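This report refers to the structure that appears directly beneath it.
The residues of the chain are indexed from 1 along the displayed sequence. Just so it is clear, the model here is predicted, and its values are computed rather than measured.
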Amino acid sequence: MKKLILSAVAAIAFMGCTVTRQAQATANSEKTGTAISQKKTTTSPAVIDGRWQIVSLGEMKEIESAMEGKKPYVTFSIKDMRVTASVGCNTLSATMVTEEGNPSSLSFSKAISTMMACPDMEAERALSLALELCRSFTVENGTLVMLDAEGKPLAVLSR
């Protein structure tokens, strides 16, 4: 009788270990799948990676640098999921956010900025607002358009 009970306990313990290993393997593969999925999501807007020149911001059709010799720009780093931007005076920086399964989604955390007093604060505010309101983008023929939640253009950038 003792041998039967010991055999039953050993069998249950063995089955428990097997189920635990299977659950761990499943969890690990799900984690791996999630990591792959997140990597795909974060790299889906790879087309925007790099430096872009600001062509327009909102209603401002011509953006002139507040500082002589500096060109207004936005730089997207897909690797770091960061954006830096400047219209020539202050530099803004924020974290990029994309939605899984929506390759054109694009938004940003609250931007941090240097705090220099600039001769033209209108362009500075327009750039900050574009980053704050951006929810998606389109790229066509070397032109990137940052869009708000309703699909209205916030900024037009070119390579």
Side-chain angles (χ1 to χ4, degrees), residues 20-159:
T20 301
R21 283 189 198 117
Q22 288 173 342
Q24 287 174 339
T26 301
N28 287 340
S29 70
E30 287 175 359
K31 285 181 186 174
T32 303
T34 301
I36 290 169
S37 176
Q38 286 174 346
K39 186 172 184 180
K40 286 180 185 172
T41 301
T42 59
T43 59
S44 61
V47 67
I48 67 172
D49 196 43
R51 189 174 178 111
W52 296 77
Q53 183 176 341
I54 299 173
V55 175
S56 67
L57 291 168
E59 299 296 318
M60 299 176 70
K61 298 302 177 199
E62 291 184 27
I63 303 298
E64 292 184 27
S65 175
M67 309 292 274
E68 288 283 325
K70 292 191 175 182
K71 294 186 188 256
Y73 71 90
V74 176
T75 301
F76 300 97
S77 172
I78 298 301
K79 177 184 172 200
D80 300 325
M81 290 305 286
R82 301 280 311 160
V83 62
T84 56
S86 176
V87 291
C89 187
N90 286 304
T91 300
L92 286 83
S93 179
T95 301
M96 294 172 39
V97 180
T98 61
E99 289 178 29
E100 189 170 348
N102 184 356
S104 66
S105 74
L106 181 65
S107 60
F108 305 95
S109 66
K110 180 134 179 84
I112 58 172
S113 174
T114 56
M115 301 294 287
M116 297 186 341
C118 305
D120 179 14
M121 290 304 293
E122 183 181 0
E124 299 282 328
R125 284 189 291 276
L127 176 57
S128 182
L129 187 63
L131 292 177
E132 180 182 332
L133 297 177
C134 183
R135 295 296 175 267
S136 64
F137 70 93
T138 62
V139 176
E140 190 173 325
N141 298 324
T143 299
L144 182 145
V145 181
M146 296 168 53
L147 306 167
D148 68 11
E150 286 133 22
K152 294 178 186 169
L154 297 167
V156 177
L157 315 173
S158 68
R159 288 272 188 194

Heavy-atom side-chain proximity of L133 to M146 below 4.5 angstrom:
no
Under the side-chain hydrogen bond (donor to acceptor under 3.5 Å, both in side chains) test, which residues partner R82, sequence neighbours left out?
S93, T95
What are the two closest heavy atoms between T98 and M81, and how far apart are they?
CG2-CE, 4.1 Å
Closest approach of L144 to F76 (non-hydrogen atoms, all atoms of both residues)
CD1-CE1, 4.3 Å
So which atom in L131 and which in F108 form the shortest heavy-atom distance, rounded to 0.1 Å?
O-CD1, 3.3 Å
With a 4.5 Å limit on heavy-atom distance, are the side chains of E124 and C89 in contact?
yes
Which heavy atom of L154 sits nearest a heavy atom of A130, and at what distance?
CD1-O, 3.5 Å
Once side-chain hydrogen bond (donor to acceptor under 3.5 Å, both in side chains) is applied, what residue pairs with a partner in residues 127-140 remain, sequence neighbours excluded?
none
Sorted by chain and number, sequence neighbours left out, side-chain hydrogen bond (donor to acceptor under 3.5 Å, both in side chains) with D80 holds for S77
Candidates L129, V97, L106 - the one meeting side-chain contact (heavy atoms from CB on, under 4.5 Å) with C134:
L106
How would you list all residue pairs meeting side-chain hydrogen bond (donor to acceptor under 3.5 Å, both in side chains) that involve residues 107-119, not counting sequence neighbours?
N90-T114
Nearest 0.5 Å, please: how far is NZ in K70 from OG1 in T91?
6.5 Å
Residues A111 and L92: closest non-hydrogen pair is CB-CD2, 4.0 Å
Atom pairs and distances, side-chain donor-acceptor, residues 50-58, under 3.5 Å, sequence neighbours left out:
from	atom 1	to	atom 2	distance (Å)
W52	NE1	I48	O	2.7

Testing the basics here: between F137 and S105, what is the closest heavy-atom pair and its distance to 0.1 Å?
CE2-O, 4.1 Å
Name all pairs fulfilling the salt bridge (charged side-chain N to carboxylate O under 4.0 Å, His left out) condition that reach into residues 149-159, sequence neighbours left out, sorted by first residue then second.
E150-K152
